[in-house]
Engineer: 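Take a look at this one; I'll ask things after.
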Amino acid sequence: MSMRANRVAEQMKKEVGAIISQKIKDPRVGFVTVTDVEVTGDLQQATIYISVLGSDSKVEDTLKGLSKAKGFIRTEIGQRIRLRITPEIEFKIDTSVAYGNRIDTLLRQVTKEDE
């Protein structure tokens with residue numbers, strides 16, 4: 001990514017986090033953390049990685065709620081960030097947090113067995 005795309009991605013990460021926590025009233029959307037945003041070099045598309053606290057069904061419900069609110073979120077981003085064209089957004093689940101927790105649990109089990 002270019003330097004400008006990185007700056008836009010960081011700004012979008014901050015703004016999307018604020019929009020989801022303050023403006024989205026959908027009961028399906030639970031406790032969501034925006035972990036990363038990737039923007040294409042031409043700033044046409046953005047992939048927003050989220051982490052959701054809860055079960056698999058809660059994660060699916062949250063994704064459905066966010067995809068339903070995609071137009072609203074994109075409009076809010078357009079108002080908050082001055083760009084010629086607001087990027088198309090797509091939400092994806094960030095599995096790195098769960099993967100890291102699993103590795104941590106396994107390491108704790110191994111050290112406990114060694115004692």
Engineer: Between Thr35 and Ser51 (side chain of the first, backbone of the second, donor and acceptor by atom type, cut-off under 3.5 Å), is there such a pair?
Structural biologist: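 Checking the backbone N and O of Ser51 against the side chain of Thr35, no donor-acceptor pair under 3.5 Å is found.
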Engineer: Can you tell me how far NZ of Lys92 sits from CD of Glu38, rounded to the nearest 0.5 angstrom?
Structural biologist: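 Rounded to the nearest 0.5 Å, the CD-NZ separation comes to 8.0 Å.
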Engineer: Is there any salt bridge (Lys or Arg N to Asp or Glu O under 4.0 Å) pair reaching into residues 63-73, and which pairs are they, with sequence neighbours excluded?
Structural biologist: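 Qualifying pairs: none.
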Engineer: Got a sec, which residues hit side-chain contact (heavy atoms from CB on, under 4.5 Å) with Thr105, two or more places apart in sequence or on another chain?
Structural biologist: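 With neighbours one apart ignored, the set is Gln109.
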Engineer: Any non-hydrogen side-chain atom of Ile73 less than 4.5 Å from a side-chain atom of Ile24?
Structural biologist: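 In contact.
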Engineer: So which residues get pulled into Leu106's cluster when ILVMFWY side chains under 4.5 Å apart are joined, directly or through others?
Structural biologist: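 Direct or chained contacts put Leu106 with none.
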Engineer: Applying side chain to side chain contact (heavy atoms under 4.5 Å, CB included), run through Arg7 and Glu10 and close with a yes or a no.
Structural biologist: CA-CA 5 Å; Arg7 285 195 320 254; Glu10 284 301 314; 5.9 Å; no
Engineer: Can you confirm whether Asp56 is buried at CG, in the sense that more than 12 heavy atoms of other residues, nucleotides or ligands lie under 6.0 Å from that atom?
Structural biologist: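 Check fails, neighbour count at 12 or below.
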Engineer: Give the table of side-chain donor-acceptor pairs shorter than 3.5 Å for residues 81-91, with sequence neighbours excluded, one pair per line with atom names and distance.
Structural biologist:
residue: Glu88; atom: OE2; partner: Arg74; partner atom: NH1; Å: 3.1
residue: Glu88; atom: OE2; partner: Arg74; partner atom: NH2; Å: 3.4

Engineer: Answer whether the closest heavy-atom distance between the side chains of Ile77 and Met12 falls below 4.5 Å.
Structural biologist: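 Yes - at least one pair of side-chain heavy atoms lies under 4.5 Å apart.
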Engineer: Would Leu43 and Thr40 count as a side chain to side chain contact (heavy atoms under 4.5 Å, CB included) here? Give the steps.
Structural biologist: CA-CA 5 Å; Leu43 304 178; Thr40 58; 5.6 Å; no
Engineer: Could you check whether any side-chain heavy atom of Leu63 comes within less than 4.5 Å of a side-chain heavy atom of Ile93, counting everything from C-beta outward?
Structural biologist: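 Leu63 reaches Ile93 side chain to side chain.
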Engineer: Consider side-chain contact (heavy atoms from CB on, under 4.5 Å). Of Asp94, Thr33, Leu66, which one does Ile50 pass it with?
Structural biologist: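 It is Leu66; the other options fail the test.
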Engineer: Cluster partners of Phe31, using ILVMFWY side-chain heavy atoms under 4.5 angstrom, listed by chain and number?
Structural biologist: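 Its cluster mates, by chain and number, are Leu53.
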Engineer: Is the shortest side-chain heavy-atom distance between Ile20 and Val29 below 4.5 Å?
Structural biologist: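 Yes, side chains in contact.
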Engineer: Hey, could you give me the CD/CD1 distance between Gln79 and Ile19, rounded to the nearest 0.5 Å?
Structural biologist: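 Going from CD on Gln79 over to CD1 on Ile19, the span is 9.0 Å.
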Engineer: Provide the full list of salt bridge (Lys or Arg N to Asp or Glu O under 4.0 Å) pairs with a residue in residues 12-29, sequence neighbours left out, each pair given once.
Structural biologist: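 The answer is Glu15-Arg80, Asp26-Arg28.
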Engineer: When clusters are formed by joining ILVMFWY residues with side-chain heavy atoms under 4.5 Å apart, either directly or through shared neighbours, do Tyr99 and Val59 land in the same one?
Structural biologist: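 Result: no, two separate clusters.
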